[in-house]
Amino acid sequence: MIRRHLIDALATALARSGVEPLPATIEIGRPARPEHGDWSSNVALVCARAAGRNPRDLAGELVEHISADPPAHLRTVEVAGPGFVNFHLDDGWLHDVLRQVVGDGVDGYARSDVGAGTTVNVEFVSANPTGPLHVGGGRWAAYGDSLCNILARCGFVPHREYYLNDRGRQMDAFAESLVARKQGTEPPEDGYHGDYIREWAAEMPDGADALEWGYARARRDVAESLARLGVTFDTWSSERALVSSGAVAATLETLEGRGATYCADGAVWLRIADAAHEEAPRGGDRVLVRSNGEPTYLLPDIAYHADKLARGFDLLIDVWGADHHGHVEPLATGVGALGHRREQLEIVLGQLVTVMRGGTEAKISKRAGNVVLLDDLVDLVGPDAARMTFLLQSLGSRQTIDLDVVAAQSMENPVFYVQYAHARICSLMATAAERGVARPPLDEVALELLADPRELEVLRTLHALGDVLSEAARERAPHKLTTWARQLAGAFHGFYHDCPVLRSDIDPARAAARLWLTEAARIGLVIALDLLGVTAPERMESLEAGAPAGET
RNA sequence: GCCCCCGUAGCUCAGGGGACAGAGCAGGGGACUUCUAAUCCCAAGGCCGCAGGUUCGAAUCCUGCCGGGGGCGCCA
């Protein structure tokens with residue numbers, strides 16, 4: 001709103017200064033330093049060269065034009081530094097923000113339509129159904145789920161999907177391992193050696209089909225672990241189903257018909273142009289069908305992505321661990337060879353999670369055992385702290401989770417800082433109700449009384465949410481929302497500390513304004529926590545007990 | 001050898017073309033007759049891995065090195 005007004009004013013001023021053509025986009029931003037104003041633009045710097053002007057002179061002219069025809073809330077506008085145009089506004093623009101937040105409410109505030117109804121299938125976790133989820137899986141779960149939440153708020157239509165590699169060598173090895181343990185012998189060398197195999201084998205009834213029983217057992221286990229984190233899927237897709245429906249065979253036929261394949265050494269290969277493998281014997285080419293007639297993972301995977309597109313999604317996003325990086329090109333090539341546009345397939349690679357326990361790295365390998373399970377982490381800190389932990393950092397950063405630190409300092413987890421802000425608000429509202437302090441209708445409240453730096457900071461932070469969300473959606477970066485939630489909590493804690501609301505020496509008009517500010521902060525916190533998949537508790541309890549807070 | 005990610009305060013990490021680089025934790029010093037101190041404030045802490053380049057402007061973009069992680073299977 002305010003942004004639009006300022007950009008319009010700049011555009012008009014540029015035109016009056018004879019700058020043409022006008023720049024495609026005029027950027028304004030919020031400067032880091034208060035003396036640089038509330039908003040700032042670099043247009044003069046950007047346009048100076050093309051316009052054959054000195055940036056400061058041009059900026060000065062813009063300032064004159066803008067001053068002559070000032071936009072709403074403008075106090076002063078000035079040239080600064082190498083040619084920035086800095087706007088200083090009255091506090092009214094922030095009071096407008098409060099009205100907007102409260103008017104739109106939890107459901108409406110900071111919604112956008114940048115997604116324009118784009119349907120997007122987000123596939124994440126998709127761990128093999130051969131055992132329980134390890135800690136690393138939690139990162140993809142928290143990421144994928146929150147990304148979907150954010151996309152939905154930005155006008156996309158997300159669909160959460162889990163792909164089960166429920167056939168092939170890994171499944172066979174898993175079944176063999178169960179059978180071996182059941183019979184009291186060692187699993188094969190390349191089988192699964194984790195402790196859970198022993199436990200599951202003991203559970204397995206006599207005469208059960210180890211593969212089918214184990215598959216169901218693993219699936220249930222994974223779904224339960226995910227549910228504890230608050231993650232559920234719209235669709236669980238099965239590799240087997242793609243084989244039995246003939247989709248895999250049809251995909252192979254199409255690829256062959258389009259000349260994307262060739263036969264060598266008794267196998268069917270997919271031709272891949274891949275700079276990473278220029279010097280390999282067959283370049284980056286990959287086997288689709290082994291010489292024994294069995295497809296590799298790749299062929300069903302291509303069929304699977306074709307299936308997703310056939311179901312009508314505009315965009316597919318796959319969330320993969322960085323250890324699958326080598327599969328991006330083969331899959332994209334295969335999907336492209338079927339005639340799909342490559343832009344419809346987007347693969348997000350997340351760096352792996354390292355788990356530390358007892359000062360050493362706990363290897364994440366299902367086959368070797370010694371795994372740290374997602375359930376272990378959730379047991380230790382609770383679902384809220386676990387989710388927030390995963391969403392603290394960008395996916396591009398490797399994440400190290402030190403279980404000893406997490407356990408010892410669970411109270412220091414930022415999740416409690418943010419949840420506490422919400423709990424404080426609830427407590428404040430409850431106290432207001434107890435004392436019979438009513439909140440008058442917003443349009444009867446003197447918002448201009450909100451002028452304390454702490455009050456204004458809360459409003460400035462709330463204003464940023466829309467930008468933060470569209471950026472988080474566009475960059476597929478939920479952690480940006482986590483950062484924002486921490487900022488809003490910080491702004492509120494500062495306000496709470498410095499600006500009493502219900503104290504007897506605060507006059508009713510000011511109390512009313514502050515109560516509405518509190519309500520606006522509440523709305524912002526609820527929105528963010530909900531999108532992050534973290535609960536917004538009304539009370540924080542058991543500080544002394546050391547139990548995970550925020551659970552009810 | 002080739003491909004991808006990372007290198008920012010003692011530690012964990014934000015910031016990813018704008019103006020003097022941020023937070024949390026650890027460590028130092030303060031603030032509860034009050035709406036919950038799981039909070040707040042102050043001080044301290046940095047050649048943003050190194051070297052070039054592009055730009056009015058580089059932690060941010062490009063190139064090359066150095067260091068760490070991952071990948072280069074008829075496993076997934």
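Numbers restart at 1 for each chain; the letters A, B, ... are given by sequence-line order, proteins then strands. No hydrogens, no waters, no symmetry mates; every other heavy atom, side chains included, goes into these values.
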Neighbour count >12 (heavy atoms, 6.0 Å) for atom CD, A:Glu189 = no
task = Tell me which nucleotide among B:rU36, B:rC74, B:rC3 gets nearest to the side chain of A:Trp269.
result = B:rC74
ask   = How far does CG of A:Leu89 sit from CG of A:Asp38, to the nearest 0.5 angstrom?
value = 4.5 Å
task = Report the distance from atom CZ of A:Arg56 to atom C1' of B:rG18, rounded to the nearest whole Å.
result = 15 Å
inquiry  = With a 4.0 Å cut-off on N to O distance, would you call A:Arg474 and A:Glu346 a salt bridge?
reply    = no
query = With a cut-off of 6.0 Å (strictly less than), are more than 12 heavy atoms of other residues, nucleotides or ligands near CD of A:Glu538?
reply = no
Side-chain N or O of A:Tyr297 closer than 4.0 Å to phosphate OP1/OP2 of B:rA76 = no
query = Of the candidate nucleotides B:rC35, B:rC75, B:rA76, which contains the atom at the shortest distance from the side chain of A:Arg169?
reply = B:rC75
Just the atom pairs and distances: protein N or O near nucleotides 25-34 of chain B's N or O, under 3.5 Å.
none

note = Which of B:rC74, B:rG70, B:rU39 is nearest the side chain of A:Asp265? It is B:rC74
task = Compute the centroid of each ring, for A:Phe492 and then for A:His422, and state whether the two points are separated by less than 6.0 Å.
result = no
request  = Kindly say if A:Tyr417 contacts the phosphate of B:rC40, meaning a side-chain N or O under 4.0 Å from OP1 or OP2.
outcome  = yes
key: Near-strand residues of residues 471-485 of chain A, defined as heavy-atom separation under 4.0 angstrom from RNA chain B   = A:His479, A:Lys480, A:Thr483
task = Answer yes if the side chains of A:His327 and A:Asp301 hold a donor-acceptor pair under 3.5 Å, and no otherwise.
result = no
message = Please identify which of these residues, A:Leu299, A:Leu298, A:Leu331, A:Asp285, meets the side chain to side chain contact (heavy atoms under 4.5 Å, CB included) condition with A:Leu270.
response = A:Leu298
ask   = Given the P atoms of B:rG30 and B:rU36, what is the spacing between them in whole Å?
value = 27 Å
note = Residues in residues 316-324 of chain A with a heavy atom under 4.0 Å of RNA chain B, by number, are A:Ala322, A:Asp323, A:His324
ask   = Is the closest basic N to carboxylate O distance between A:Glu61 and A:Arg53 below 4.0 Å?
value = yes
query = Taking CH2 from A:Trp140 and P from B:rG70, how many angstroms apart are they, rounded to a whole number?
reply = 13 Å
request  = Starting at atom CG of A:Asp402, determine the distance to atom C1' of B:rG24, rounded to an integer number of angstrom.
outcome  = 16 Å
message = Between A:Arg514 and B:rC35, is there a contact of a side-chain N or O with OP1 or OP2 at under 4.0 Å?
response = no
key: A:Arg503 and A:Asp505 ion-paired at < 4.0 Å   = yes
query = On a whole-Å scale, what distance lies between the P atoms belonging to B:rG68 and B:rC61?
reply = 23 Å
key: Distance test, side-chain N/O of A:Arg290 to OP1/OP2 of B:rC75, below 4.0 Å   = yes
request  = Remember a base hit wins even if backbone is also touched, and classify A:Asn165 as base, sugar-phosphate or nothing at under 4.0 Å, heavy atoms.
outcome  = sugar-phosphate
key: Euclidean distance, atom CD of residue A:Gln351 to atom P of B:rG7 [Å, nearest integer]   = 11 Å
key: Min side-chain heavy-atom separation A:Phe495-A:Glu457 under 4.5 Å   = no
inquiry  = Expressed as a whole number of angstroms, how long is the span from A:Gln170:CD to B:rC74:C1'?
reply    = 14 Å
task = May I ask you to check whether A:Tyr143 and A:His479 place their ring centers less than 6.0 Å from one another?
result = no
key: Atom P, compared across B:rC11 and B:rA37: separation rounded to whole Å   = 34 Å
ask   = Between B:rU36, B:rG18, B:rA76, which one does the side chain of A:Leu45 approach most closely?
value = B:rG18
message = Do the side chains of A:Arg514 and A:Asp452 get close enough for a salt bridge, i.e. N-O under 4.0 angstrom?
response = no
Spatial distance of atom OG1 (A:Thr482) from atom CD (A:Gln487) [nearest 0.5 Å] = 11.0 Å
N/O to N/O distances under 3.5 Å, protein versus nucleotides 19-21 of chain B:
from   : atom 1 : to      : atom 2 : distance (Å)
B:rA19 : N6     : A:Ser40 : OG     : 2.6
B:rA19 : N6     : A:Asn86 : OD1    : 3.1
B:rA19 : N1     : A:Asn86 : OD1    : 3.4
B:rA19 : N1     : A:Asn86 : ND2    : 3.2
B:rC20 : N3     : A:Arg33 : NE     : 3.3
B:rC20 : N3     : A:Arg33 : NH2    : 2.6
B:rC20 : N4     : A:Arg33 : NE     : 2.3
B:rC20 : N4     : A:Arg33 : NH2    : 2.9
B:rC20 : N4     : A:Glu35 : OE2    : 2.5

request  = Could you tell me the separation between the CH2 atom of A:Trp140 and the CZ atom of A:Phe390, rounded to the nearest 0.5 Å?
outcome  = 9.5 Å
inquiry  = I want to confirm an ordering. Mapping A:Glu27 and A:Cys499 to their closest nucleotides on RNA chain B, which one lands closer to the 5' end?
reply    = A:Glu27
task = Classify the side-chain pair A:Thr389/A:Arg139 by whether it contains a donor and acceptor separated by less than 3.5 Å.
result = no
ask   = To the nearest angstrom, how far is A:His493 atom NE2 from B:rU39 atom P?
value = 6 Å
key: Test of ring centre spacing under 6.0 Å for A:Tyr162 and A:Phe124   = no
ask   = With a cut-off of under 6.0 Å to the ring centre and 45° to the axis, is A:Arg3 in cation-pi contact with A:Trp39?
value = no
ask   = When you look for runs of 3 or more Watson-Crick or G-U pairs in a row, both distances below 3.5 Å, which of them include RNA chain B?
value = B:1-7 with B:66-72, B:10-13 with B:22-25, B:28-31 with B:39-42, B:49-53 with B:61-65
query = Could A:Arg169 and A:Glu294 be called an ion pair, given the rule that one side-chain N must be under 4.0 Å from one carboxylate O?
reply = no
query = Looking only at N and O atoms, is any donor in the side chain of A:Ser427 or the base of B:rC35 less than 3.5 Å from an acceptor on the other one?
reply = no
query = Starting at OH of A:Tyr420 and ending at C1' of B:rA37, how long is that distance when rounded to a whole Å?
reply = 6 Å
message = Whether A:Arg454 contacts B:rC41 is assessed here as follows: a side-chain N or O lying under 4.0 Å from the phosphate OP1 or OP2. Is that the case?
response = yes
ask   = Hey, are A:Ser237 and A:Glu161 close enough side-chain-wise for a donor-acceptor pair under 3.5 Å?
value = yes
note = Winner on side-chain proximity to A:Asp498, out of B:rC4, B:rC40, B:rC74, is B:rC40
request  = Taking the side chain as every heavy atom from C-beta outward, state whether A:Glu27 and A:Val43 have any atom pair closer than 4.5 Å.
outcome  = no
task = Rounded to whole angstrom, note down the C1' distance from B:rC48 over to B:rC13.
result = 13 Å
Just the atom pairs and distances: protein N or O near nucleotides 10-13 of chain B's N or O, under 3.5 Å.
from   : atom 1 : to       : atom 2 : distance (Å)
B:rC13 : OP1    : A:Arg398 : O      : 3.2

inquiry  = With nearest nucleotide decided by heavy atoms, which residue, A:Leu298 or A:Leu502, maps closer to the 5′ end of RNA chain B?
reply    = A:Leu502
message = For A:His463 and A:Trp484, I'd like to know if the aromatic rings sit close, meaning centre-to-centre distance below 6.0 Å.
response = no
Distance in angstrom units between A:His325 NE2 and B:rA76 C1', rounded = 16 Å
request  = Can you tell me, in whole Å, how much space there is between the C1' of B:rG16 and that of B:rC6?
outcome  = 13 Å
